[in-house]
Structures are given as structure tokens and as C-alpha cells.
Engineer: 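Would you mind keeping the following structure in view while I ask a few things?
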Amino acid sequence: MRILIVIVVFIGCFLYDGFTRLDKAPKREIVVYVTIMLVSMIVPVIVYYKRVDIPSPTYAIEKVIDLFFHIKE
Amino acid sequence: MQRDSVTINQGIFMMLLFHFGSSVILGINTVVLQDSWIAILIATIMALPVLLMYGQILSRFPGKDLFEIAEITLGKKGGLLVTLAITWYALHLASLVLRNFSDFVQIALLPETPQLPIQILMILSSVYLARSGARAIGKWAVSIIIYIFIVVVFTFAAALRLIRLDDILPFMQHPPLQILRASAQIAVFPYAESVLFLCLGSAFPKGNVRRIYLTALMLSAVIFLLTFFRNITLLGAKMFEISYFPSYVTARIIQFGDFITRIEGSISLNFLMAGIVKMSVCMTAAAKGISRLCNLPDYKTLVMPAGMFAFTICIILFDNTMDMFYFLDYYTIYALPFQVIIPLFIFFVAEVEARRTRKSLQRE
Amino acid sequence: MRHKGRDMFNKRKRAQKIQQEFDKRISQLNDVLAEKTVSSDLKENLVTTKRLFESMELIKYKSLTVKGAFLDCLLVYCDGMVSTEMVNQSIVRPLMTRKVESDRPILDALTTQVLQVAETTRLTAFSDIVEEIMSGSTVLFVDSCTEAVALNTRDYVLRAVDEPENEKSLVGPREGFTESLLQNLTQIIRRVHTNELKTKMLTIGRRTKTSVCVCYFDSLVDKKLLGRLIDQLRSIDIDGVLDVNYITELIRDNKFSVFRTTGYTERPDTVIGKLLEGRMAIFVDGTPMVLTVPYLFIENFQSSEDYYFNYFYSSFARWIRILAFFLTVTVPAFYIAVVAFHQEMLPINLLIRIAQERQAVPLPASLEAVIMLLIFDVLRETGVRMPSNIAQTLSIVGVLVIGQSAVEANLVTAPMIIIVAATGITSLLVPKLNAPVIFWRFALLAFSTAFGFFGFAIGFSLMIMQINNLSSLGVEQTTLSGHFRRSANEDIFLRLPWFMLNKRPKKLSPNSTRQGGNNDD
């Protein structure tokens, strides 16, 4: 269900931008646009479908800072 | 047609709402509880030179945004690094704000709704606002500011009946070092995040950037103090400590007359509208960064992918709400390179260059 | 099954080919003839004209001989569009009785010495001649001349000047426009006695060639906006223009937006008021509506009567209208959000009453709201279209039967009737916004049904963002510059007294002093 919502929303954004801006855009812009949108779409689909936790940047940052500073009581 | 420019008052209100945005939700509840007002004051003093530095950077290079300034001062490679760093920071900040808000909405307003549609709605509204340009964000800020002022004044007045002034004591119960750490946290989390406004540089009126930064800082400090004072005297130190969203809890208690009670819905409207401003600014900065990295002329098309990318990060960011509050302490240190170190480099190089050219001009 | 797709593709191609053949035939018919120019042989001209107006039986032909020069000539005119008295007395009679004695070219001599008509135009192309005949001119062909003369003899039946139905006023002038372009322009010129008023005529519409006139004050208008408007009008390519709305939709900035980007009015005093602020007015022949551009968002809430009443009352009335707009859009959504999601916002007594009523009703609150709003819109639309003698009966039917009985039958709750009535009545206060109101009312209701107060907040934010983004002819429709100067806001939320309205809106006109002399600030 969540996967469906994500895919529908992304397709909606593609269509909206396609009709308003992308038809007049240089080719490189379209390529960048599509790449980023595809990446952003695939990650949630994988997370929801395989119920896998992609390592989030938050915990990496916390570990790195823990190496240098001592914050938490 | 018309240049995408913002007037002074629009800039002040935009920045005010930016500061107001997520910090009023997460509350100025720091470890120091009832001494937080001292922390706020010290944070304002700490943030003052930093914000003045931002204003000075923009006034040295009128009409340019942070990425262009970085390329001019630090060279091509330095500019590239700075662009990458600030773009990542903007995206991360946008997703943090989004996560804050969707958690808040789920806890306070709609407990049975999954966070996904809430996040999608918020990110789409911010994308729409960011796509319409900096001027639209300015106009939106002006449209909303009256409502926000009215709500702040109204809740403060309605709370006067129930406050207990004794709750502000005992004064300086916490050790000064702790207060200093709390003020550093406040200085980083909301004040110095306005480094992202440097990325909108071309939209600001020339020569008045410092005034915008200062006025916004003062106004937001006043509002934070008022809000904090209202919260702590209403809730008391213990309740303040255990509640995640103190402003929200306050809104549940106060009542105006006998029939206007439980107005927490309208308070949340307040937060949402300010949060949209914050996310739009972050996304404009990120879109400008990406368009600069890929050498594209117009950034407006890339706002949507930037927003969707922030949405993706947001989904995987934290496992639960408590982690979000846990991260706040780390955020104070993590944000420093983006907020202080990079602009400091740029500032030094710019100032040295300026003095050198002035000296060579004087010599001639 | 496999060939179905190909069949549909072929069908489309066939339809395109048929359309192309039609176009070719029509252009063969008309263009060949219309490209022709007047020839010096009178008989050939007669044959061409008769072929152009082949099945059009209102066109009359009269052959004459010019006295003195013994030249044949031919008069062509359209019966009913010309004043026969003028044709008889001023054209036929002098041609038959007066002698032409001069050595000037025959057409010059005729137009300056014989024909007693004030407006004469020389034409050579048959397409112009067709246009002139169909507008009511009489065209004169003379043997051995390669030019024809069009004589202005227009006289057709028009509606009398009347008070406009939709913009009735309590005080102030009561004249409205009629369907004749010339009469409408006359009503404007009658009130302006300086030469700063300029007009520019255009013809729009391939098959109707409607006359369109752009009016403006030369010293007040922004020339760039004027240029942009004329360019956009010139680029309209459509069969015919029957009403100003055709032009409105073809010169929009945001193509699909529901909000208006041009103002319309039927009253001359409104038009002149707007012209005096630096706007431009577009008149279309055949309709009493007049467009004014550029259009600011606050004009949705202004009416010319504001300036004829006391300033205090006008400011109050304006606030009521703005409030009405926001109420009519948000009230159903707000009610649903409170009743379905945040019941704690209501005071306890009210909450118990509403809960009691909701218990008996089978439908969920939002469905109830949608049904009642649709019923209200159906009733309102019926009230507009039906003959007026059953208007009263229908309103009684609407109120008593539907409202009261539905409540008693427990199909709808009583608060819902109140909500819908409030929504409907406030929507009548802002007639210019009827399109966006309907759209945003249902949109906010949908958001509110799905996500409660949060959805309402998001929907409302989107509406405010869209309003902020509107632009009319490149000029932004809202200026929320944050400056709280008097001159920027004196006519927006309040209507300050006339002695304080010193400046024109800066966006519309570079010449911004309205009163107190022409010194620049």
C-alpha cells in the first residue's frame, strides 16, 4: 500500500513537471532530474518492500562524533 | 520580467519564520530547564558575530550567492567542495525539519495516520512554494506573519491567568558550564542555520543584509523569550522537562473565557506554516547547489528532485521519535563545520582580499 | 483485436485528411476571389461580387450612371444594415443629379464634390470590400477605376441604454453599456473631455472579424504593458469572438488557473475609474461587457459603489467581502475537521448536541457536506436559469422541503444545513470569484476529510500560495511587500477618504500622483 502511494506520488510529480517545465529544458537538466527522482523513488520502495533498514546517515554521524568528543552523559 | 527580489521586510519576516520554524516545536527545552532564558540571551550574544559575519560576506559580493562567492574566494576546487557540503547540509536539514514536523503531527494531531502521507503533503507544499521563487517565499512570510503574531500574543494573554511566577525560580540552579552548552545548542539550532540564506543571496536587497539578519535575530529572541516564559511559568520545571513539545502542552491547558479551550489545533497550524518556510529555503539552497554542480542555468526545475531526495532521506533518517531528540546534542557539533567553519574561511579570504586591494589602491 | 489499434490510428489520419480537404475547398472558394482586386471592368466586378455573395440574399445591387461623365457605376450594400434614406438622399440622388465637371480623376471628383457622405474609404482588395459591405457600408464601383469607395451609411437597430442587470447600484450613475462598440466608446468619451484618452482598433476573429478597441489614458498608462497587451491580442487566432471571455482566456498568464486575470464590468463609470488608475480597457463589438487589464487581486472585492458611499461604510463593506471570501471557502472544511477529528475544540454543550444529532444520521459527515453543497449549487443554478414567475415557489421548495424535511428525516444534521447556508450566502457576496470558490471549497473539504486540521492547514496554505503567484499581463496580482506604507495600502483593505487617496498604484502606472498637482515625489 505504501509502495503504491510512493510510486503514484512520484509519477504525479514527473507529469506535473513534465508539462510545465521540462519540455523547454536543456537535455542535461532532464537527465539530472530523472536520475535524482529515480534514486529517491527506488530507495523507499526497497525499504518498504524488503523491510530492510538502509543505514541512515544519522547513526554514522553519531559514531564519528563519539570518536572525537564525549557528549553523552 | 521582474527580478526575483525580496524587500527588506519580507526578508526579515522570512528569517523570523525560519528561526521560529522547527525550534518552537522542539521547544527551547534544554537541559537547563528554568534557566533557559539565560541560555537564550547568551545564545543571542553568541550568534550575533556569526550572523554579522554572514551579512558581511553578502555585502562584499552584492548580488551573488554563497556558491559563487566560494568559487571566487577559494578557487574552483574549494568552491566545488563548499557547494557539495552546503548542498548536503541543506538536504539533511530539510529532511530533519520534515521529520520533526511529521513526528509532531503524528503525536499531537493525527495519532492514527501513518507518517508517509503527512510527509508527502508537507514536502509537496514546500516544493510548490520554493518553485515559485524567492519572492513568493517572501510574500508567503508576510501573509503568515500577522497570524503568527496574533497567536503568540493571544496565547500569552490567555495564559496570564494561570501562570505561577515562582516557577522561574530557583535561579541559576544549574552549573554555568551546562548553561553555556545549552546556549551553544540554541545558537546552532535555530540561529546559525540561517547560513542557508546566503545561498539565496541574489534575492536580497543590496546593502541591507546585515540589517535583516540583526532585526530577525532580535525579534526571534524576543519571541523565544516570551514563549519560553509562558511555557515554564505555566507548566513548571518538572512538566517542562518531561514533555516533548512544551508549547503544545501549554496550548492544551490555556483557555480564553469559558468556551475557547483546547486550541492546540490552531497552534499547530502556526508551526506548520513556519515549517514550510524553513523547508522551502532549504530546498531552494539545495536546488541552487545541484544546479551549480551540474552547470545548469535555472534551479527551479531541480527543486522537485531536491525535495523528493530530502523526503527519501527523511524516511530512513531515524527509527523512532526518541532518536530524533537524542540526535540534537550531536547536531550541535555536526553543524559547526557548515555554519561556522566554511563561512569563516570565506570571510577571512574575502576580508584579506579586500584589504589588499584597498592598500594597493591607496598606494596608487 | 490486433488491428484495433491500427484502425483507430487510421481513423484519426482519415479525419485529418477530411479536415484538410475541407479547408482547401473553403480557401479555394474564398481566397481566390478574396485575393482579387478591383478591376477596371465594371461587369467583371459585378460578377465577382455576385459570386462572393452567392447565396446571401440580403445584398442589393444598384446600377447607376454618373451624370455628366457618362460612366456606369455600381452600388452594393446589405439591406437592413444601411440607412436607406442616407443611400437615397446622399448617394443615389447626387450621383444622378449633379454634374461632375473637373479634370481630376473621377473617384476624387466624386468623393470630394458629389457624394454627400462624410466618411469615405478607398479600397482595392475584395477581402476588405466584403468586410465593409458586411459592416453596413455601401460600396461604389465605377467603370474604368481600379479602386472602389466604401461609404459609411451604417444604421442598425440596437438595444437602448439600460441599467446593467448584474451590477445594480444604489447610488451613482445607472447607465450600462450596450452591444454597439461605437455607442460604448461614446459613453466613455462623453465623460472625458481631454485629449489624453486614446483608442486603438483591432480586428480579431477569422470568420467574424470582430472589432475590438483598446482604450487608455496616454499620460497614465505603462507603455510596456500596453505593448504586451497589443502583441497578445494580435496573436489571437480563432474563428470568432462573441464575448470578452474568449479574449480573457486567450491572453491569460497562468493558463489553467481558476482565478481571474482580467476584470470585467458593464458600467462606464467603473471603466473610467479603472482607466484613471493607469489600466487599459478592451471593448468588443457585440457585447456590453468590457475587460480591464491589468487586474489586481483586490479588485475582486472592490466595486465602484465604494467610492460613492461614505468611506467608513465602504471600508467596512470591503472587510465584509474579504471575510466572506475566506468564510465561504473554509467553513465546510473547518466544520468537518472539527467534528470528525478534533472534537475537543468545541465547547462541551455544543459537542454533546452535535454528537446527539450525528448519532441518528447514517452518512459520514464529509459525505453529508458534499451532498448538501451540491444540492445548494443545483438550486442556485436553477434559480438563475428558470423563468421568474416560479422563482418564489422554488425558493420555498428549496428551503422548506429539502432543508427542513431532510433534517426531520434524519438524512442530514441541522448544523450541516446552517453550515451550507452560511457558505452559500457568503459566496453571493463575491460574484467575481465564483470559479475559484467552488474549486477551493471542495479541495479544502477533501483535504480536511482526509487529514483533519493538518490537511486543512496544508490546503489553505496551498490556496494562499496560489493567490500569491497570480499575475495579470506580467504584473503581480498581490503585493505583500511588507512595507506598511499608507500609499501602498490606502485602497486595499480600507477605502480611505478621498482627500487621503493621493497616489495611484505604482505597479500600474509610472505616473503616480493622483491629486495635488503633478510634482513627482
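Proteins come first, then strands; the chains are lettered A, B, ... in the order of their sequence lines, and each starts at number 1.
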Engineer: Kindly assign one of parallel, tilted or perpendicular to the pair F456(C) and F453(C), based on the angle between their ring planes and the thresholds 30° and 60°.
Structural biologist: tilted
Engineer: Flag the pair F454(C) / M122(B) as yes when at least one side-chain heavy-atom distance between them is below 4.5 Å, and no otherwise.
Structural biologist: yes
Engineer: Where on F341(C) is there a heavy atom nearer than 4.5 Å to chain B: the side chain, the backbone, both, or neither?
Structural biologist: side chain
Engineer: Counting heavy-atom pairs under 4.5 Å to chain C, which of A141(B), S125(B), A136(B), P117(B) comes out on top?
Structural biologist: S125(B)
Engineer: Is chain C contacted by the side chain of I118(B), its backbone, both, or neither, given a heavy-atom distance below 4.5 Å?
Structural biologist: both
Engineer: Run the numbers on K278(B) and F101(B) for side chain to side chain contact (heavy atoms under 4.5 Å, CB included), then give the verdict.
Structural biologist: CA-CA 11 Å; K278(B) 194 160 184 176; F101(B) 272 92; over 6 Å; no
Engineer: Given a strict heavy-atom distance threshold of 4.5 Å, which part of L110(B) is in contact with chain C: side chain, backbone, both, or neither?
Structural biologist: side chain
Engineer: Decide yes or no for R279(C) and Y216(C): does some side-chain heavy atom of the first lie under 4.5 Å from some side-chain heavy atom of the second?
Structural biologist: no
